[in-house]
Amino acid sequence: MRLTFLKNRERRPDKIAITPLRVDVHSHLLPALDEGAKSLEESVALILELKQLGFHKLILTPHIMAGFYPNSPHKIQKHLLSLREHLAEKQIEVEIEVAAEYYLDAFFMKELLSANELLTFDSEEGAKYLLFETQHLHEPKQLFEAIKRISRKGYTPVLAHPERYNYLQRNRLLVHQLYETGLLFQVNINSFSGYYGSRSRELAEYLSVAQMISFLGTDCHKQEHIEMLQKTMVSPMYQTVLRAGEILNNRV
Ligand SMILES: [Fe+2]
């Protein structure tokens with residue numbers, strides 16, 4: 001996986017045509033599982049909006065966080081089935097799958113990483129991408145260990161919205177050290193319009209220019225995010241981002 005990735009990174013951006021994103025890999029649209037969509041109606045309304053933005057496939061990624069969002073794969077799969085049924089009844093054609101956004105903490109390290117059932121989204125080539133997030137302020141002391149253990153289990157670790165973490169905004173060297181481990185970065189689309197602040201925007205742009213972005217995500221929780229996506233996705237900056245490096249969204 002790592003070797004393929006290094007090869008991908010050598011591609012020149014000017015040879016790559018702009019391809020609109022057909023797949024979103026990060027959102028909170030399964031009703032009432034986290035702080036995202038609160039009802040089935042809200043979920044359907046947001047899914048329709050994402051469809052309008054050109055997405056054909058949505059990978060829904062509820063939080064899994066001990067003490068806050070104790071979601072299990074079984075519970076998430078159950079909610080997926082009822083959402084799919086509801087969409088079919090309404091004749092809304094969109095492909096819906098699930099993974100999760102795992103929070104890196106002691107529970108993740110001790111319990112979840114020891115279990116065999118982890119939710120991932122998968123590539124056509126068979127890679128299993130495990131999306132995880134961390135605390136925002138300080139570098140978690142288990143960060144490198146977590147990457148190593150995720151990789152050893154046969155998954156490809158994907159860090160959700162690295163541009164939003166204070167400890168990465170102020171430490172470019174750490175960004176590069178993480179990248180060199182084989183960790184992939186998933187950047188939020190709305191970061192490019194400054195929705196999460198100027199420091200997030202700066203790091204998102206830095207990652208794009210350095211061709212270090214593997215996935216883009218909406219991280220959509222609510223209507224406000226859709227309105228920002230509508231603006232961001234027609235911006236010249238976003239078109240530049242799609243041209244830079246190898247965005248893997250459409251291959252999962
Ligand atoms: Fe998220």
Side-chain angles (χ1 to χ4, degrees), residues 21 23-39 42-43 45-47 49-50 53 55 57-73 75-76 79-80 83 96-105 107-108 112 118-121 129-137 140 143 146-147 150 155-169 178 183-197 199-201 203-204 207 213-229 232-233 247-249 252:
L21 289 195
V23 183
D24 181 33
V25 299
H26 183 167
S27 68
H28 300 270
L29 303 178
L30 276 185
L33 284 184
D34 56 18
E35 88 287 37
K38 289 176 183 54
S39 63
E42 188 181 358
S43 179
L46 293 169
I47 286 169
E49 298 269 21
L50 288 175
L53 284 169
F55 293 104
K57 177 174 172 180
L58 306 172
I59 295 161
L60 314 182
T61 50
H63 288 288
I64 295 185
M65 186 191 288
F68 291 91
Y69 307 114
N71 292 315
S72 65
K75 191 173 174 186
I76 290 171
H79 278 69
L80 168 68
L83 178 59
I96 303 277
E97 287 184 11
V98 288
E101 183 178 13
Y102 289 97
Y103 186 77
L104 176 54
D105 59 6
F107 180 71
F108 177 73
L112 297 180
L118 286 166
L119 290 167
T120 59
F121 55 94
Y129 299 110
L130 190 140
L131 185 72
F132 73 99
E133 63 174 336
T134 73
Q135 58 168 295
H136 280 238
L137 275 184
L143 183 52
I147 294 166
I150 292 168
Y155 302 120
T156 303
V158 179
L159 183 61
H161 41 63
E163 75 282 7
R164 296 185 59 195
Y165 304 122
N166 301 55
Y167 65 88
L168 291 180
Q169 291 166 356
L178 288 170
L183 175 69
L184 304 188
F185 293 141
Q186 175 266 302
V187 168
N188 282 3
I189 294 169
N190 280 337
S191 289
F192 294 102
S193 53
Y195 179 75
Y196 304 99
R199 286 178 159 231
S200 292
R201 169 154 67 184
L203 183 49
L207 292 171
I213 301 177
S214 296
F215 291 103
L216 290 165
T218 66
D219 203 356
C220 182
H221 291 65
K222 53 187 175 180
Q223 182 61 27
E224 185 182 298
H225 291 157
I226 298 284
E227 281 151 28
M228 193 52 62
L229 285 165
T232 312
M233 289 175 79
I247 308 291
L248 301 173
N249 283 58
V252 295

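Start at 1 and go down the list; that is how both ligands and their atoms are numbered.
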Backbone of L229 reached by a side-chain donor or acceptor of N190 within 3.5 Å: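 The answer is yes, because a donor-acceptor pair under 3.5 Å joins these two groups.
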Backbone of S27 reached by a side-chain donor or acceptor of T61 within 3.5 Å: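 Checked: pair present.
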Residue list, ring-ring contact (aromatic ring centres under 6.0 Å, His included) with H221, at least two apart or on another chain: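 Applying ring-ring contact (aromatic ring centres under 6.0 Å, His included) to H221 gives H28, H225.
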Protein N, O or S atoms lying under 2.8 Å from the Fe ion (ligand 1), listed by chain and number: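 Protein N/O/S atoms under 2.8 Å of the Fe ion (ligand 1): H26 NE2, H28 NE2, E101 OE1, D219 OD1.
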Donor-acceptor side-chain pairing of T134 and Y167 below 3.5 angstrom: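 Distance-only check passes for T134 and Y167.
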With sequence neighbours excluded, residues passing salt bridge (Lys or Arg N to Asp or Glu O under 4.0 Å) with R199: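 Partners of R199 under the salt bridge (Lys or Arg N to Asp or Glu O under 4.0 Å) test: none.
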Contacts of E133 that satisfy salt bridge (Lys or Arg N to Asp or Glu O under 4.0 Å) - sequence neighbours left out: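 Per chain and number, E133 pairs via salt bridge (Lys or Arg N to Asp or Glu O under 4.0 Å) with no residue.
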